[in-house]
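The block underneath contains the structure these notes are about, expressed in structure tokens.
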Amino acid sequence: MAQKRMFDKTIADSDDFLDMPLTTQALYFHLNIRADDDGFIDNCNSIMRIIGAKEDDFKLLIAKRYLIPFESKVCVVRHWLIHNTIRKDRYNPTIHLDEKRQLIVNEKVYSLKDDEYTGNHLATNWQPSIDKNSIDKISIEESSKELLNIDRSSNIDELDSKCLEVCEILEKEFGRTITPLELEKIKMWEYPVDIIKLAIAEGVTNGVFYIKYIDKVLFNWKKANVRTLEEAKKYIEKFRQGKGDNQNDSSEQNQKLSKWDEVRKRVEEKRKNERG
């Protein structure tokens, strides 16, 4: 593998990049340095621990479309081919072939084949309201403003309170708007909100930010005849024991669930105001 890495100033000097907190920018540079010759990284958590970066820094890079995550917990630098041109005699192809097959290249920018965005997008519709020196200062109120990318004047009555609440939670955690196709998928979820929130927390805890992943979790629970929140928690515990995972993630999930209770209250108040 080549030992030198380059960075293109068109990316690093863009306002979109420089508007991010310094900790997020530092994480981006470190991930680039440690990526393989195709831009893939499979030890993101270790790199974050080494440099003291936080999960929010990683999530922001995904939301701003500088990284593409995969369900395998591998990620790839979207603008890798803009940053680096490696000589053939020094190039070693990535071992992450399954992930690479999910990508297309457009103007030297990676995109997922089923992604509605392609090309050299340096910004997204999501612009976080954050202090550049601390991503932890994002308040619940700020991060929830104008979350749903939906024409509420025509569609608000079509969304029940459960769907609206779930969309708010997903968009806050994913850092992006829900697409119309994803919305149709969410409408099909039959479980009550408390169980759906646990499925979302399971995905976020595992660093997976895909609607497909949440849908798969709910499908597996339904297949296992999970009907209550307690049964879902027991299913998760049993699953982790089967994998030999002794990490205690329950406290993190409980914190997320309590925070999302505030989202529920805000959704109800918003609907009352719109109807009034």
Side-chain angles (χ1 to χ4, degrees), residues 54-56 58-60 62-63 69 71 73 126 128 136 138-150 156 158-241 243 245 247-272:
K54 298 179 179 179
E55 181 184 353
D56 284 335
F58 184 68
K59 289 166 63 176
L60 184 56
I62 294 172
E71 293 187 13
K73 294 189 177 182
W126 179 65
D136 292 328
I138 303 175
S139 66
I140 294 176
E141 289 74 21
E142 288 173 329
S143 62
S144 64
K145 289 181 180 178
E146 298 182 359
L147 286 173
L148 291 176
N149 187 23
I150 300 169
I156 188 67
E158 298 177 11
L159 296 177
D160 58 25
S161 58
K162 184 187 85 169
C163 185
L164 190 60
E165 180 181 353
V166 169
C167 287
E168 280 214 28
I169 292 170
L170 285 167
E171 293 192 332
K172 179 180 180 299
E173 291 299 323
F174 288 10
R176 62 173 179 81
T177 53
I178 297 299
T179 68
L181 287 177
E182 290 174 331
L183 181 60
E184 292 304 314
K185 177 71 71 175
I186 294 168
K187 288 179 180 179
M188 297 172 63
W189 291 347
E190 299 175 357
Y191 277 113
V193 173
D194 57 349
I195 294 181
I196 294 175
K197 288 197 297 185
L198 183 63
I200 297 172
E202 180 71 4
V204 172
T205 300
N206 289 314
V208 183
F209 305 93
Y210 286 108
I211 294 292
K212 289 181 180 179
Y213 181 87
I214 309 301
D215 188 64
K216 185 176 180 180
V217 170
L218 294 173
F219 174 79
N220 288 338
W221 290 355
K222 183 177 180 180
K223 189 176 179 181
N225 200 30
V226 171
R227 291 167 294 181
T228 66
L229 183 62
E230 289 304 316
E231 289 177 350
K233 290 180 178 180
K234 289 180 180 178
Y235 183 96
I236 292 173
E237 183 178 355
K238 183 178 179 181
F239 179 77
R240 286 182 179 152
Q241 289 176 349
K243 292 177 63 178
D245 187 357
Q247 294 182 351
N248 183 13
D249 295 326
S250 59
S251 60
E252 182 179 349
Q253 289 183 346
N254 290 334
Q255 290 177 1
K256 292 184 181 299
L257 292 174
S258 63
K259 188 184 297 183
W260 291 341
D261 286 335
E262 297 183 34
V263 176
R264 178 196 290 270
K265 295 178 182 178
R266 193 166 56 255
V267 170
E268 293 175 352
E269 291 177 1
K270 188 181 300 183
R271 290 179 66 85
K272 288 180 181 178

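Each residue takes its place number in the sequence, starting with 1.
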Does any non-hydrogen side-chain atom of Ile211 lie less than 4.5 Å from one of Trp189?
-> yes
Within-4.5 Å side-chain heavy-atom neighbours: Leu198 and Glu202 = no
Between Val226 and Tyr235, which heavy-atom pair has the shortest distance, and what is it?
-> CG2-CD1, 4.1 Å
Are more than 12 heavy atoms from other residues, nucleotides or ligands located less than 6.0 Å from atom NZ of Lys185?
-> no
For the pair Val204 and Glu55, evaluate side chain to side chain contact (heavy atoms under 4.5 Å, CB included) and give the outcome as yes or no after the intermediate values.
-> CA-CA 10 Å; Val204 172; Glu55 181 184 353; 3.8 Å; yes
Side-chain touch Ile169/Ile196, heavy atoms, less than 4.5 angstrom | no
Presence of salt bridge, Glu71 and Lys216, under 4.0 angstrom = no
With rounding to the nearest 0.5 Å, note down the distance linking NZ in Lys197 to CG in Leu229.
-> 9.0 Å
So CD of Glu182 and NZ of Lys212: to nearest 0.5 Å the spacing works out to 9.5 Å
Do Asp215 and Met188 come close enough that some side-chain heavy atom pair is under 4.5 Å?
-> no
Would you say Lys54 and Lys59 make side-chain contact, with heavy atoms under 4.5 Å?
-> no
Sidechain-backbone polar pair: Glu171 side chain, Ile178 backbone, donor-acceptor under 3.5 Å = yes
Side chains of Trp221 and Ile236: does their closest heavy-atom pair fall under 4.5 Å?
-> yes
Non-hydrogen side-chain atoms of Phe239 and Asn220 separated by less than 4.5 Å = no
